[in-house]
Amino acid sequence: MLKRLFAYFQKYRRDLYIGMVCVVLESVFELVIPLIMADIIDVGVARRDTGYILQRSLLMGACALASLALGAFYARYSARAGEGFGTELREAEYRRVQGYSFSNLDHFSTASLITRLTSDITVLQNAVCNGLRPIVRGPAMLVMGLTMSIVMSPKLALVFLTAIPILASCLFLILKKLGPLYASMQRALDRVNAIVQENLIAIRTVKSYVREEGECRKFGGVNENVRSSSERAFHFATLNMPCFQAVMYSVIVCILWFGGNMIHAGSLQVGKLTGFLSYVLQILNSLMMISNVFLMLSRSMTSAERIFEVLDEPPAIADGPGHASVERGDVDFDHVYFKYRPTAKEYVLSDICLHIDAGSTVGVIGGTGSAKSSLVQLIPRLYDVSGGVLRVDGRDVREYSLEHLRDAVGVVLQKNTLFSGTILENLKWGNGRATQKELDWACGVACADEFLSRMPQGYETDLGQGGVNVSGGQKQRLCIARALLKRPKILILDDSTSAVDTATEARIRDNLNRELRGTTKIVVTQRLNSIRGADRIVVIENGRVNGIGTHEQLLARNPIYRDFYELQEKGAAV
């Protein structure tokens with residue numbers, strides 16, 4: 001896993017290596033200082049040589065300044081390496097999510113993906129920015145400090161042989177408990193994000209039902225779960241400090257005891273004991289650093305596992321090998337079966353056999369939950385068929401590249417989505433190079449020009465987040481215009497005029513029939529008036545084709561279609 005993470009330092013390895021070198025050199029200068037201090041006491045003070053003391057003091061000051069400068073350089077380069085690493089990892093994860101199909105996105109909640117893109121990557125980023133120093137400095141200080149202490153007094157250095165196993169055992173037990181707790185804490189953050197996202201998206205519904213208090217209680221529950229999860233994790237993490245301090249002070253007491261006896265016996269000088277104690281403190285601090293690094297890595301590895309779950313998720317829809325493009329727009333469903341999950345017991349669509357001629361208009365009607373939307377989402381490969389073959393222009397859709405296939409299919413789904421920005425920016429999602437004439441044409445066909453002319457800023461009107469500055473019907477018409485700008489060979493309208501009045505819908509329908517004669521149009525709806533003039537109408541019932549024909553043919557021989565007709569005619573009469 002560490003090797004995979006290191007790959008994201010590709011552009012920032014130079015900064016990473018320079019930062020590591022700065023830490024090592026900083027440690028060297030700091031470790032030289034106790035030697036100079038011992039020399040000052042044992043030579044300068046013992047001989048009362050002021051010049052020697054001053055000379056060594058200046059050398060000590062120079063070492064301290066060099067250490068300070070190297071620390072500043074480390075801070076600069078480690079920050080660049082850490083921020084760059086976070087940027088690369090975040091971009092890689094975001095690109096991976098963009099390549100997901102709908103079925104991939106079903107595996108992760110939106111809130112969980114947001115947490116993995118933000119909180120989890122921030123944990124790793126902070127581990128680099130704040131952890132590079134102790135990762136390098138801790139082992140360097142430990143090795144060099146042990147070496148220098150052994151050189152000064154091998155007997156006193158034996159004290160560490162008893163301390164290190166105790167510290168290692170404490171750290172092992174703490175880390176063993178922390179891993180699952182950190183994972184639980186991140187999952188709790190997922191749930192908080194889910195509640196916040198749901199509440200903000202549905203804020204109008206919340207207020208209209210006066211459910212603010214209920215939503216606050218719901219958020220309070222998940223927020224409390226985060227607090228308790230964090231407390232459990234940090235309860236064990238904080239045990240690290242008292243354990244190490246207990247061992248550290250025990251070691252110092254033992255060294256003072258044995259060192260004092262050695263001075264009394266004349267086998268050790270006071271200056272050397274003073275310098276040895278400095279190394280003891282540095283060694284124990286390095287051990288503390290190493291333990292903190294392990295704690296930080298424990299949480300980082302939990303976040304890394306969550307990130308790699310996203311990166312390792314295999315795309316459910318593989319890009320086709322061919323470079324062919326859709327020329328005509330005829331569609332064939334050849335005994336097509338479909339279910340959302342391979343493990344599902346029942347198929348959503350079963351044995352669909354349907355031919356749609358290029359340039360024709362086909363209506364799809366059925367009750368709620370009859371799988372009308374699932375049917376049309378297979379054409380641009382938003383989902384892949386589970387069985388059978390779906391062909392466009394006589395070619396299996398899996399043979400087209402996703403770019404060519406989806407560029408030839410214009411889709412206006414039930415859930416109309418507009419993005420933050422102006423009307424012009426949203427329309428140009430359909431064609432980034434669209435001219436003003438093309439924009440006017442698309443908006444005219446979709447009857448969006450009727451309200452655009454009343455807006456003071458026209459195409460430059462800001463839509464706000466999610467298109468909150470326009471009505472539902474206006475949003476639908478803008479989405480239709482956006483799809484038309486693609487000049488698609490196949491146009492799918494999935495209940496995309498449900499918020500539009502019947503008169504405007506009729507004008508849109510007439511405009512589409514007049515302006516898009518060569519385009520295959522598939523209209524999914526529950527309004528019979530929307531498809532009455534279609535070349536063919538397909539009745540879907542429980543995921544199966546129940547009937548195919550014109551309005552008159554179905555009215556004469558299909559009871560489901562007749563029921564729709566009678567109910568809607570009665571409703572219109574009332």
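In what follows, every heavy atom counts, from backbone to side chain, and hydrogens, waters and symmetry copies are set aside. Just so you know, residue 1 is the first one in the sequence shown, and it goes up from there.
When side chains are defined from C-beta on, F219 counts as touching V192, because their heavy atoms get closer than 4.5 Å. Between V538 and L354, some side-chain heavy-atom pair lies under the 4.5 Å cut-off. The shortest distance between side-chain heavy atoms of Y459 and T422 does not fall below 4.5 Å. In this structure, the side chains of L493 and K521 stay at 4.5 Å or more apart for every pair of heavy atoms. Side-chain contact between C443 and L427 is present, with at least one heavy-atom pair separated by less than 4.5 Å. At least one side-chain heavy atom of R398 sits less than 4.5 Å from a side-chain heavy atom of V385. Using a 4.5 Å cut-off on side-chain heavy atoms (C-beta onward), N199 and K218 make no contact. Residues I379 and I522 form a side-chain contact, since some pair of their non-hydrogen atoms from C-beta on lies under 4.5 Å apart.
Rounding to the nearest 0.5 Å places CG of L402 at 6.5 Å from CD1 of I317. In this structure, CG on L516 lies 12.5 Å from CD1 on I490, to the nearest 0.5 angstrom. S350 OG to K339 NZ: the interatomic distance, rounded to the nearest 0.5 Å, is 10.0 Å. Rounding to the nearest 0.5 Å gives a distance of 7.5 Å between NZ of K475 and OG1 of T417. Taking CD1 of I356 as the reference point, atom CZ of F333 lies at 5.5 Å (rounded to 0.5 Å). How far CD1 of I114 is from CG of D120: 12.5 Å, rounded to the nearest 0.5 Å.
W441 CH2: more than 12 foreign heavy atoms inside a 6.0 Å radius. Heavy-atom neighbours of E224 CD from other residues, nucleotides or ligands within 6.0 Å: above the threshold of 12. Under a cut-off of 6.0 angstrom, the local environment of CZ in R544 is sparse, with at most 12 non-hydrogen atoms contributed by other residues, nucleotides or ligands. Within 6.0 Å of the CZ atom in R227, the count of heavy atoms belonging to other residues, nucleotides or ligands exceeds 12. Taking a 6.0 Å sphere around CD of E346, one finds it holds 12 or fewer heavy atoms contributed by other residues, nucleotides or ligands. Q98 CD: more than 12 foreign heavy atoms inside a 6.0 Å radius. For CZ of R562, the number of neighbouring non-hydrogen atoms (other residues, nucleotides, ligands) closer than 6.0 Å is greater than 12. Other residues, nucleotides and ligands place more than 12 heavy atoms under 6.0 Å from the OH atom of Y340.
For T115 (side chain) and R187 (main-chain N/O), no donor-acceptor pair under 3.5 Å exists by modelled atom type. Looking at R406, its side chain does come within 3.5 Å of a backbone N or O of R381 through a donor-acceptor pair. Proximity of a side-chain donor or acceptor of Q474 to a complementary backbone N or O of S471 within less than 3.5 Å is detected. Of the possible donor and acceptor atoms, one in the side chain of Q476 sits under 3.5 Å from a partner among the backbone N and O of A499. Under a 3.5 Å cut-off, the side chain of S303 and the backbone N or O of L124 do not form any donor-acceptor pair. Counting only distance, with no hydrogens or angles, the side chain of K489 and the backbone of V326 share no donor-acceptor pair below 3.5 Å. Between the side chain of Q568 and the backbone N or O of Q526 there is at least one donor-acceptor pair closer than 3.5 Å. No donor-acceptor distance shorter than 3.5 angstrom exists from the side chain of D15 to the backbone of A81, with no hydrogens or angles considered. Judged purely by atom type and a 3.5 angstrom limit, R80 has no side-chain atom pairing as donor or acceptor with the backbone of Y12. Between the side chain of K372 and the main chain of T525, no donor-acceptor pair closer than 3.5 Å is present.
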Checking side chain to side chain contact (heavy atoms under 4.5 Å, CB included) for the pair N529/T502: CA distance, chi angles, key distance, verdict?
CA-CA 9 Å; N529 285 336; T502 53; 5.5 Å; no
Side chain to side chain contact (heavy atoms under 4.5 Å, CB included) between L117 and R90, intermediate numbers included:
CA-CA 6 Å; L117 274 163; R90 191 178 295 110; 4.1 Å; yes
What verdict does the salt bridge (charged side-chain N to carboxylate O under 4.0 Å, His left out) test give for E425 and K428, after you've listed the backbone C-alpha separation in whole Å, the side-chain angles of each residue and the deciding distance to 0.1 Å?
CA-CA 5 Å; E425 290 169 345; K428 285 199 170 184; over 6 Å; no
Evaluate the side chain to side chain contact (heavy atoms under 4.5 Å, CB included) criterion for residues L485 and L439: first the C-alpha distance (whole Å), next the side-chain angles of each, then the deciding distance (0.1 Å), finally the verdict.
CA-CA 7 Å; L485 282 171; L439 290 166; 3.7 Å; yes
Evaluate Y347 against V336 for side chain to side chain contact (heavy atoms under 4.5 Å, CB included), listing each step before the verdict.
CA-CA 10 Å; Y347 285 98; V336 167; over 6 Å; no
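Electrostatic pairing of R96 and E93 does not count as a salt bridge here, judged by no charged N lying under 4.0 Å from a carboxylate O.
Nearest approach of V411 to P380, heavy atoms of both residues: CG2-CG, 4.0 Å. Here the closest heavy-atom approach between residue H551 and residue Y565 is recorded as CE1-CD1, 3.9 Å. The nearest pair of heavy atoms linking P488 to V409 is CB-C, 4.1 Å. Closest approach of L478 to A448, counting heavy atoms only: CD2-CB, 4.3 Å. Of all non-hydrogen atoms in S370 and G367, the two that sit nearest each other are OG-O, 2.7 Å. The minimum heavy-atom distance between S78 and A75, with the atom names listed, is OG-O, 3.3 Å.
Judged by distance alone, the side chains of R116 and S112 do bring a donor and an acceptor atom under 3.5 Å apart.
Partners of R507 by salt bridge (charged side-chain N to carboxylate O under 4.0 Å, His left out), not counting sequence neighbours, listed by chain and number: E450. Evaluation of the side chain to side chain contact (heavy atoms under 4.5 Å, CB included) rule for N558 yields V539, N546, L554, I560, Y561 as partners, not counting sequence neighbours. With sequence neighbours left out, K11 forms a salt bridge (charged side-chain N to carboxylate O under 4.0 Å, His left out) with E88.
The aromatic rings of Y8 and F85 lie perpendicular to each other, with more than 60° between the two planes, well past the 30° mark.
Paired with C479 under the rule side chain to side chain contact (heavy atoms under 4.5 Å, CB included), one option of L484, L413, V412 passes, and it is V412.
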